[in-house]
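For reference, the structure discussed in these notes is given below.
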Amino acid sequence: MTLPKSFFDRPVAEVARDLIGVTLLVEGIGGPMVEVEAYDQADPASHSFKGPTLRNGAMFGPPGHAYVYKIYGIHWCLNFVCQPGSAVLVRALEPRHGLELMQERRGGLGERQLCSGPGKLCQALGVDIGHNGLPLDALPFELLPASESQDVATGPRIGITKGVETPWRFVRRGSPFLSKPLS
DNA sequence: AGGATGATTGCCT
DNA sequence: GGCAATCATCCTC
């Protein structure tokens, strides 16, 4: 069964860690997540740091919904809203379901390059602003718990200039599908 | 009303 | 390793 909204109504770093290994499907396309990052309102790197705005509105809505935004005018990024002002950015997953469609959307690339980054993942899964605010416990989303315990490692988040000291990047240790090695 | 900027990616040297 | 692409949002005047 797909994860209930209550799964997200917890401290964001805890949710982020527990999401490693959880299978994310959008219209049946996706696979187990191997890299996520946590952001909360006290965090200067977070979109929610300065309070609600038009863009980040979903981050202040109820837990268990999607927050989608466009970055650099080009790429979409998918987040899972947790407690108010906090969310988990989905950065990479292991392509397992719907490989053919993912490759078509991404331009016929190898498996390693299909979902190894937040923008790539959204392109491969067909996520865009139309998904902003949608509940995560209903179609087109499915979130299926991992069947085995996961070897999770943490490190500094990618691509931020503030809040760099908060080690809220969570990865499946040794996964070949990360956006970057842990370092 | 105008300008700086970004939780990125891919192409070029 | 360096940098351009591309634009809605947000902040300042």
Side-chain angles (χ1 to χ4, degrees), chain A residues 8 11-20 22 24 26 30 33-61 63 65-95 102-134 136 152-172 175-183:
Chain A
F8 299 95
V12 66
E14 201 174 299
V15 176
R17 171 175 284 269
D18 290 349
L19 281 171
I20 297 299
V22 170
L24 165 64
V26 179
M33 290 180 275
V34 297
E35 177 179 350
V36 301
E37 288 178 357
Y39 292 86
D40 77 6
Q41 196 172 0
D43 173 3
S46 175
H47 288 175
S48 61
F49 183 60
K50 293 176 180 171
T53 65
L54 202 53
R55 173 174 71 159
N56 68 18
M59 282 188 82
F60 293 90
H65 290 248
Y67 164 45
V68 180
Y69 67 91
K70 197 182 235 184
I71 185 74
Y72 296 106
I74 304 175
H75 309 288
W76 298 106
C77 290
L78 171 64
N79 299 253
F80 298 153
V81 176
C82 296
Q83 290 169 332
S86 71
V88 176
L89 170 68
V90 184
R91 291 191 53 91
L93 61 75
E94 176 180 329
M102 286 195 247
Q103 282 172 335
E104 192 176 307
R105 288 166 168 167
R106 289 275 304 137
L109 300 167
E111 287 186 32
R112 232 110 309 179
Q113 298 148 64
L114 291 179
C115 301
S116 54
K120 301 177 187 177
L121 182 153
C122 282
Q123 188 181 16
L125 271 58
V127 171
D128 61 25
I129 193 62
H131 296 85
N132 190 40
L134 294 185
L136 298 171
V152 179
T154 68
R157 293 170 295 179
I158 306 291
I160 55 171
T161 56
K162 305 164 199 161
V164 292
E165 69 283 356
T166 306
W168 275 1
R169 180 185 184 218
F170 300 87
V171 307
R172 177 193 279 167
S175 170
F177 299 99
L178 303 181
S179 65
K180 291 179 183 167
L182 189 53
S183 80

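Note on naming: letters A, B, ... go to the chains in the order of the sequence lines (proteins, then strands), and numbering restarts at 1 for each one. Everything quoted here is computed from the prediction, not taken from an experiment.
- Remark: C1' of B:dA4 and CZ of A:R55 are 14 Å apart, rounded to the nearest angstrom.
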Watson-Crick and G-U pairing of DNA chain C, under 3.5 Å, as dot-bracket with | and [ ]: |||||.||||||.
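- Rounded to whole Å, the distance from CD on A:Q41 to C1' on B:dA7 is 16 Å.
- For the 3.5 Å distance criterion, the side chains of A:R106 and A:Q123 qualify, holding a donor opposite an acceptor.
- In this structure, the side chains of A:L89 and A:L78 stay at 4.5 Å or more apart for every pair of heavy atoms.
- At least one side-chain heavy atom of A:E94 sits under 4.5 Å from a side-chain heavy atom of A:R172.
- Computed from coordinates, the A:F49 CZ to B:dT5 P distance equals 18 Å when rounded to whole Å.
- At a threshold of 4.0 angstrom between heavy atoms, the contacts of A:R157 with the nucleic acid are absent.
- Listed for the A:R105 side chain is a donor-acceptor partner under 3.5 Å among the backbone atoms of A:A124.
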Intermediate values then yes/no, side-chain contact (heavy atoms from CB on, under 4.5 Å), A:R17 and A:V36: CA-CA 8 Å; A:R17 171 175 284 269; A:V36 301; over 6 Å; no
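- Checking A:Y67, A:Y39, A:F8 one by one against A:F80, the ring-ring contact (aromatic ring centres under 6.0 Å, His included) holds for a single residue, A:F8.
- Taking atom CH2 of A:W76 as the reference point, atom C1' of C:dA8 lies 9 Å away to the nearest angstrom.
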Reading 5' to 3' through nucleotides 8-13 of chain B, protein heavy-atom contacts under 4.0 Å coded B for base, S for sugar-phosphate only, - for none: BSS---
Before giving the answer on side-chain hydrogen bond (donor to acceptor under 3.5 Å, both in side chains), spell out for A:S179 and A:E35 the whole-Å C-alpha distance, their side-chain angles and the decisive distance to 0.1 Å. CA-CA 8 Å; A:S179 65; A:E35 177 179 350; 2.8 Å; yes
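- With A:Y69 as the aromatic partner, A:R55 meets the cation-pi criteria of under 6.0 angstrom to the ring centre and within 45 degrees of the ring axis.
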